[in-house]
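Below is one structure, written out as structure tokens, with a few remarks after it.
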There are 2 protein chains.
Amino acid sequence: MALTQLTVVDTAVDILQQFGLADLSMRRLAKELDVQVGALYWHVKNKQELLAQVAAKLLNTPQLSVKAEEFNAPADAILQLARNLYLALLPIQDSPEVIEVATAMQATELAPVLQLRELLEAAGLSSENARHGQQLLLNHILGSVAFRQNLVQLDVDSPISDGFDWALQRAVAGLVN
Amino acid sequence: MALTQLTVVDTAVDILQQFGLADLSMRRLAKELDVQVGALYWHVKNKQELLAQVAAKLLNTPQLSVKAEEFNAPADAILQLARNLYLALLPIQDSPEVIEVATAMQATELAPVLQLRELLEAAGLSSENARHGQQLLLNHILGSVAFRQNLVQLDVDSPISDGFDWALQRAVAGLVN
DNA sequence: ACCTGAACACCGTTCAAGT
DNA sequence: ACCTGAACACCGTTCAAGT
């Protein structure tokens, strides 16, 4: 199999999903691809950039986006999108850290995160306030996923409702009046 | 100077404040204390537990807490406490990661985080919903600090108002109706 | 009780040299 | 153009042995 940017990133996604971020090292990745570590650096600049591309692969899927016209209120579309993100990230170990790396270097556009802002504007917020609301909701999604995943690690039995949704509803209500 | 748990944790806090989490390694810490790495493990169980104690040192100061009776509405006390936390964590590099480690192992009680929940109960939330509201606000504080610190790292000029406070107000409004 | 010395099993990144 | 081999400068944790 030819070593390309695509195969590198896809294998990285695989390792992340199966074993978590702690096992997603450049060396482990090289071993999985049957090459030397140095070879990876011909296809990706560094680990940060790799993680940003992993995040893009995870989020830039049409499955996550939401069709605004299918909801009678923008707030409902926002709630649905936030839930989609939460549920998609939950089963992927350490996904919040990966997403944070990607948004920190803002090199990559994460479609559902952009849509979050668009929907807030559609709900009547100024473009500035839509950015701030986006931040609040993203913080809540990533923080809640991280918190839940930590519970699993300490194998506490996770209840079906973990309070994410209640707080999400209150936050959206506060944002769109 | 005698090597004790106290000196170990205090030196760790120093390194964190001056150089950030990347430089806070057990080896670097040992060097700073003029001992071998192994010696540290007599005084702390592992790095996780050390970070939890660092987090406690950072947050368990009366400066951060808020006197509820000085505010005419519980919501105002909540806002003040959240701002105190945000402003205290902002100058400490990578403080969100450290706090997250501490809350994840919940071995340590972080006073201001507890007060956040108490104030939400005082504002009329059920104890369950107060926990969920606490999660929302903590997620927003830590997420916003992390976001701002990443901007500094990429030396983008930080504006005075970064939207933290606007979103905070909307969130609190949504929580306490 | 407390610490040293040394090892074990890892990291990310770089780069001359090969093909 | 793409990859190997090998190095550089690190990690966290453990543990026999010393005092």
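Within every chain, numbering begins at 1; the chains are lettered A, B, ... in the order of the sequence lines, protein sequences first and strands thereafter.
- Put simply, chain A comes within 4.0 Å of DNA chain C, heavy atom to any atom, from C:dC11 to C:dC15, going 5' to 3'.
- Closest heavy-atom contact between A:Arg83 and A:Gln169: NH2-NE2, 3.9 Å.
- The same atom, C1', is picked in D:dC2 and in C:dC15; the two are 14 Å apart, to the nearest Å.
- In this structure, A:Ser25 and A:Lys47 approach most closely via the heavy-atom pair CA-NZ, 4.1 Å.
- Comparing C:dA16 with D:dC3, their C1' atoms sit 13 Å apart, to the nearest whole Å.
- The stretch residues 35-44 of chain A touches DNA chain C through A:Val37, A:Gly38, A:Tyr41, each having a heavy atom under 4.0 angstrom from the strand.
- Partners of A:Glu109 by side chain to side chain contact (heavy atoms under 4.5 Å, CB included), not counting sequence neighbours, listed by chain and number: A:Leu114.
- Cluster annotation: A:Phe19 is connected to A:Val54 through the hydrophobic network of ILVMFWY side chains, with a link wherever side-chain heavy atoms come within less than 4.5 Å.
- Within the structure, ring-ring contact (aromatic ring centres under 6.0 Å, His included) pairs that include any residue of residues 73-94 of chain B comprise B:Tyr86-B:Phe164 (at least two apart or interchain).
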Symbol by symbol from the 5' end, with Watson-Crick or G-U pairs under 3.5 Å, [ ] crossing and | another strand, DNA chain D is ||.|||||...|||||.||
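- No more than 12 heavy atoms of other residues, nucleotides or ligands lie within 6.0 Å of CD in B:Gln63, so this atom counts as exposed by the packing criterion.
- Between A:Gln80 and A:Glu70, the side chains place no donor N or O within less than 3.5 Å of an acceptor N or O (distance only, hydrogens not considered).
- One hydrophobic cluster holds both B:Leu116 and B:Leu87 under the rule that ILVMFWY side chains link at heavy-atom gaps under 4.5 Å.
- In this structure, the separation between CD on A:Glu97 and CD1 on A:Ile99 is 10.5 Å, given to the nearest 0.5 Å.
- Sorted by first then second residue, the side chain to side chain donor-acceptor pair (under 3.5 Å) pairs that include residues 29-39 of chain B, not counting sequence neighbours, are B:Arg28-B:Glu32.
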